[in-house]
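Worksheet for the structure shown next.
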Amino acid sequence: MNNFIKKLFLVILSGVLGFLAFPPYGYSVLIVGALIPLFLAIRTSTPRASFWLSYISGIVFFSGLLYWLINVSIPGTIILVLFLSLFYGIFGYLTSLAFNHSMDLLILPFVWVVIEYLRSHIFTGFPWGLLAYSQYKNIGVIQLADITGPYGISFIIVALNVAFYAFLDRIDKRITYMAGAMFLIVLATFYSKQRLENLPAFSSAKIGVVQGNIPQSLKWEPRYAAINLKTYNDLTVEAASSDPDMIIWPETAYPYLVTKDDTASDIGDIAKEVKTPILAGIVRQEDSKYYNSAVFFDEKGSLEDTYSKMHLVPFGEYIPFKKYLSLLRKYIDKPIGDFEGGTKDTLFKLSSVETSLTGGGGKKRIVNYYKFGTLICFEDIFPYIARNFVKNGASFLVNITNDAWFGNTGAAEQHVQSSVFRAVENRVPVVRSANTG
């Protein structure tokens with residue numbers, strides 16, 4: 001019994017160290033030792049016992065990481081945490097096999113990365129809280145992500161955990177493991193230094209971002225719609241005084257449902273008034289279908305194009321396998337949307353005029369043309385969506401989101417971690433407009 005309690009303490013400690021490395025706590029250095037207690041707990045356990053011990057560790061980690069989801073759905077949060085923890089359990093099971101069969105522990109970083117990749121893709125995927133994201137402020141190391149994506153950084157983190165564990169447990173190959181981990185750190189640091197010192201020079205549009213900080217409880221209240229729109233009108237006028245090339249509103253900032261008869265002309269009127277293009281988030285109805293969309297109005301107030309969110313939030317914006325799971329609406333304590341996913345990865349077009357003085361005292365006007373892709377809500381956590389926009393010609397990316405659902409928690413800062421990696425991976429600027437900032 002004492003041995004079980006010791007192991008239980010170790011796996012709980014591992015989960016706690018893991019989530020403390022992420023916002024709102026932000027002790028990012030803890031991640032390089034977060035897996036060590038887990039290794040200590042399962043090194044003498046059977047694969048089956050290791051699965052359950054690791055599963056408990058996963059429950060602790062994801063509960064501490066995703067606690068803010070209870071603001072949306074308590075049952076949904078419990079189900080998601082229990083599901084995501086399965087990936088921890090699988091890692092523990094495979095790690096136990098490595099221990100029991102005296103396999104080289106250098107296999108563990110590969111195992112972890114494969115499991116993270118599966119978590120990012122299976123059942124629509126949920127790549128939130130990847131180990132790499134804990135290092136989003138460590139720009140002197142994470143530049144390697146433009147080759148490996150976040151998985152390469154996660155690989156290094158697990159390799160460091162293995163190396164430190166090997167020294168703690170006095171494993172024969174501990175010098176080799178530490179040398180390998182240090183080599184990876186030096187490689188990532190050297191590569192990051194080279195990339196940061198040799199960034200290409202390119203012109204850039206001047207972007208204004210307005211963030212209304214509208215409480216979620218008032219966001220869709222009909223009696224507050226005019227007040228909410230006035231908030232964005234006033235902020236847009238203020239932002240336009242700095243003469244930006246474009247002004248961005250957050251996800252679903254427009255407080256009215258947009259139909260064929262109402263094309264969000266209010267936004268166009270504001271764009272015309274300030275003589276500046278506006279990108280804004282709306283909810284759009286087309287026939288009987290609803291879309292979470294972004295609309296782009298030019299400086300004359302004309303609607304240029306629309307993009308509809310392609311990757312919807314399961315159990316938030318729609319119910320997957322609706323035919324079989326629709327009964328869940330009775331048990332989820334918040335309303336679930338019935339949105340349709342978009343099918344076109346629209347690239348918006350923006351022009352920017354630069355005026356400079358010539359040697360003779362005259363003026364020279366240069367018009368720069370840009371294309372940009374828009375990532376709505378949590379679409380920025382999926383590397384392939386951002387990559388597709390850039391491959392198709394986007395010179396910068398925009399993320400419009402509304403994290404007001406989750407109150408004053410770590411959700412917003414955890415969300416921004418993903419956008420940092422999308423910028424590094426694609427070598428393009430990422431502009432974010434979030435309702436709560």
- Determine the interplanar angle of the His311 and Phe382 rings, folded into 0 to 90°, and report it as parallel if under 30°, tilted if 30 to 60°, perpendicular if over 60°. parallel
- Query: Taking atom types as modelled, is there a side-chain donor on Glu116 or Ser154 under 3.5 Å from an acceptor on the other?
  - Reply: yes
- Message: Just checking Phe372 against Phe296, ring centres under 6.0 Å apart?
- Response: yes
- Query: Does a side chain donor of either Thr436 or Asp403 reach within less than 3.5 Å of an acceptor in the other side chain?
  - Reply: no
- Task: Taking the six-membered ring for Trp and the full ring for Phe, Tyr or His, determine whether the centres of Phe155 and Phe110 are under 6.0 Å apart.
- Result: yes
- Given salt bridge (Lys or Arg N to Asp or Glu O under 4.0 Å), test Arg422 with Glu425 step by step and report yes or no. CA-CA 5 Å; Arg422 302 300 84 83; Glu425 291 159 9; 2.8 Å; yes
- Query: Between Asn392 and Asp345, does any side-chain donor sit less than 3.5 Å from a side-chain acceptor?
  - Reply: yes
- Query: Any chance the side chains of Arg427 and Gln143 put a donor and an acceptor closer than 3.5 Å?
  - Reply: yes
- Item | Ring centres under 6.0 angstrom apart (Tyr117, Trp112) | no
- Message: Does the Lys NZ or Arg CZ of Arg43 fall within the cation-pi geometry relative to Phe99 - under 6.0 Å from the ring centre and within 45° of the axis?
- Response: no
- Message: Can you see whether Trp68 engages Gln414 through a side-chain donor-acceptor pair at a distance of less than 3.5 angstrom?
- Response: yes
- Query: Do you see a donor-acceptor pair shorter than 3.5 Å between the side chains of Glu251 and Asn399?
  - Reply: no
- Item | Residues Lys7 and Ser45: side-chain donor-acceptor under 3.5 angstrom | yes
- Check the angle between the aromatic planes of Phe51 and Tyr55 and answer parallel, tilted or perpendicular using the 30° and 60° thresholds. parallel
- Message: Quick one about Ser352 and Tyr369 (side-chain donor to acceptor, distance below 3.5 Å, no hydrogens or angles considered), yes or no?
- Response: no
- Query: For Leu130 and Pro150, which heavy atoms make the closest approach, and how far apart are they?
  - Reply: CD1-CG, 3.9 Å
- Are Phe19 and Phe61 near enough that their ring centres are under 6.0 Å apart? no
- Are side-chain N/O atoms of Ser308 and Arg284 paired as donor and acceptor at under 3.5 Å? yes
- Task: Assign the ring pair Trp128 / His415 to parallel, tilted or perpendicular, where the plane angle (0 to 90°) is split at 30° and 60°.
- Result: tilted
- Side-chain donor-acceptor pair under 3.5 Å between Tyr177 and Asp172, yes or no? no
